[in-house]
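In each ligand, atom 1 is the first atom listed, and ligand 1 is the first ligand listed.
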Amino acid sequence: MTVPDSVSLGERADLMIRTLASISAEPNRLVRGFLTPEHRAAADLVGKWMREAGLDVSADALGTVRGRWAGEGRKRLLIGSHIDTVIDAGMFDGPLGVIVGILAAGHFARQGRKLPFGVDVLAFGDEEGSRFPVTLSSSLAVAGHFDAARLETKDAAGMSFREVLAQYGKSAADIPAAAYARDEAAAYVEVHIEQGPVLEHRGQPLGVVTAIAGQTYVNVELLGEAGHAGTVPMLLRRDALAGAAETVSLAERLARETKGEVVATVGVLRISNAAGNVIPGNVALIVDIRSGSDAARHKFVDVFKTEVRALAERRHLGVTMTDTRNVPTTPCDPVLQDGLGKAIKSVGGEPISLVSGAGHDGMAMAKLCPVAMMFVRCRGGISHNPAEYTSPADMGLAAAALITFIETATF
Ligand code: HGY
Ligand code: MN
Ligand code: MN
């Protein structure tokens, strides 16, 4: 078994990451939405890298680019991540896993090696859910669990998923064909920047994910009464934004009280007909609730909703609360975890085990096959932010560890 040269792998990964990061909808920040021209350009570039690595390249009905390296037998190891981004994103969240996958598969393709299984590298286009009010669409299609109702959801411009897909040159009728057969998909492995501070704090470049935290999204809409900011006495107001502000503080307080077991975030708050001299009558907000324990998350949601109803009553506000996402905690396969741990040791690391607070395509792929994730150290734990960073050295170690994992895996 040749020991992979992690230094050159890291340098190549860094150049590829920075080249891909130049493909954005905006000149001064990284924005790459699902089924946009930027998605197409990024998919074309990734497809080019896959071909250069010696992989056979195709794209499925949702634009997922697939680099196939033949192996012996029907079983395939799936390696992937996403190439879509949040708005004003870091350049590593997603692309790191695709690029390390290409480098690892290319290592074997170049040597003309034949392993007892094949390797497919997958570049998903809709992990972040930043265009439509749904997420993980492309990996769910690959896993055979795409819900056609998603096709009727609309983006901010009012275009439906179905219309946008047709504009991208794909047909919804072909989505079922994107699914792998269960007896073909041996496992799914994703390399991803940690997006948190644990590995840096522990002084380790790589870690093994034990589970991906479950998520609940609650859309809260508060209905008060719009009014004149100058004439309505304070005691007679039904101020929906004041109610929303109390709701945001409630989510934060309840989460803090769980002492780390649950995290809650309000990242979207919409005021209808917002104006400086109008008392807000209608405000909507999205509460993102996550935990490594499903029981703790469900309990949190119940308590939160009870308290929101109480504050709305106290403020004479109407309130509707709709769960728009409810994804269970996804355990990572212990055998795959063990294989990743041994591979990390082979490149000189001490495999730290940790839960992923961030969601990943592995949540969808777990419906198809066993999944596992390798985390790469993230400077300051900063992510979903252009300051996101991991070093070429750490990326090289991740690629070398993945190569060793593939070399020693049995399915
Ligand atoms: O929300 C998440 O955790 C992921 O970055 N989409
Ligand atoms: Mn992300
Ligand atoms: Mn990600």
Side-chain angles (χ1 to χ4, degrees), residues 17 20-21 24 29-34 39 42 46 64 79-101 121-140 142 150 188-199 207 209 211-219 255 262-268 286-292 297 323-330 332 354-366 371-378 381-390 395 398:
I17 285 261
L20 187 55
S24 173
R29 58 183 188 167
L30 179 50
V31 181
R32 199 160 56 226
F34 181 40
H39 177 194
V46 163
T64 297
I79 296 172
S81 194
H82 59 95
I83 55 176
D84 63 315
T85 75
V86 293
I87 296 167
D88 200 8
M91 65 175 78
F92 301 89
D93 172 7
L96 174 59
V98 173
I99 285 165
V100 164
V121 182
L122 305 173
F124 297 120
D126 181 40
E127 191 277 339
E128 296 292 2
S130 54
R131 178 166 191 177
F132 297 101
V134 287
T135 182
L136 303 180
S137 296
S138 28
S139 41
L140 282 167
V142 165
R150 289 167 172 255
Y188 172 75
V189 172
E190 181 167 351
V191 175
H192 202 287
I193 187 168
E194 180 199 337
Q195 300 180 292
V198 173
L199 293 178
V209 175
I212 303 170
Q215 297 178 12
T216 299
Y217 267 35
V218 183
N219 278 22
V262 177
V263 290
T265 313
V266 176
V268 171
I286 298 175
V287 191
D288 175 321
I289 299 158
R290 306 194 192 193
S291 174
R297 176 166 53 91
D323 290 2
T324 56
R325 192 182 297 179
N326 202 337
V327 184
T329 298
T330 303
C332 291
L354 64 170
V355 171
S356 173
H360 301 283
D361 285 300
M363 300 167 103
M365 297 299 282
V371 302
M373 291 191 73
M374 184 194 316
F375 268 177
V376 186
R377 178 165 39 193
C378 174
I382 298 169
S383 184
H384 283 188
N385 178 319
E388 179 186 82
Y389 175 81
T390 188
M395 289 192 278

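- Asp93 and His384 share a donor-acceptor pair across their side chains, judged by distance under 3.5 Å alone.
- Phe92 has its side chain within reach of Ile17: a pair of non-hydrogen atoms, C-beta onward, lies under 4.5 Å apart.
- Listed by chain and number, Glu127, Glu128, Arg290, Ala358, Gly359, His384 each place a non-hydrogen atom less than 4.0 angstrom from ligand 1.
- The atom name of the N/O/S atom in Asp93 closest to the Mn ion (ligand 2) is OD2.
- Closest N/O/S atom of Glu128 to the Mn ion (ligand 2): OE2.
- A distance-only check finds no donor-acceptor pair linking the side chain of Arg131 to the backbone of Arg32 [under 3.5 Å].
- Counting heavy atoms from C-beta outward, Met91 and Leu20 have side chains that stay 4.5 Å or more apart.
- Side chain of Ser138 to backbone of Thr64: no donor-acceptor contact under 3.5 angstrom is found.
- The Mn ion (ligand 3) has an N, O or S atom of His192 inside 2.8 Å of it.
- Ring geometry for His39 versus Phe34: interplanar angle of 30 to 60°, hence tilted.
- Residue contact annotation: His384 places an N/O/S atom under 2.8 Å from the Mn ion (ligand 2).
- A side-chain contact (heavy atoms from CB on, under 4.5 Å) with Met373 is found for one member of Val209, Asp361, Leu354, Val191 and no other, namely Val209.
- Relative orientation of the Phe124 and Tyr188 rings is tilted, given thresholds of 30° and 60° on the angle between their planes.
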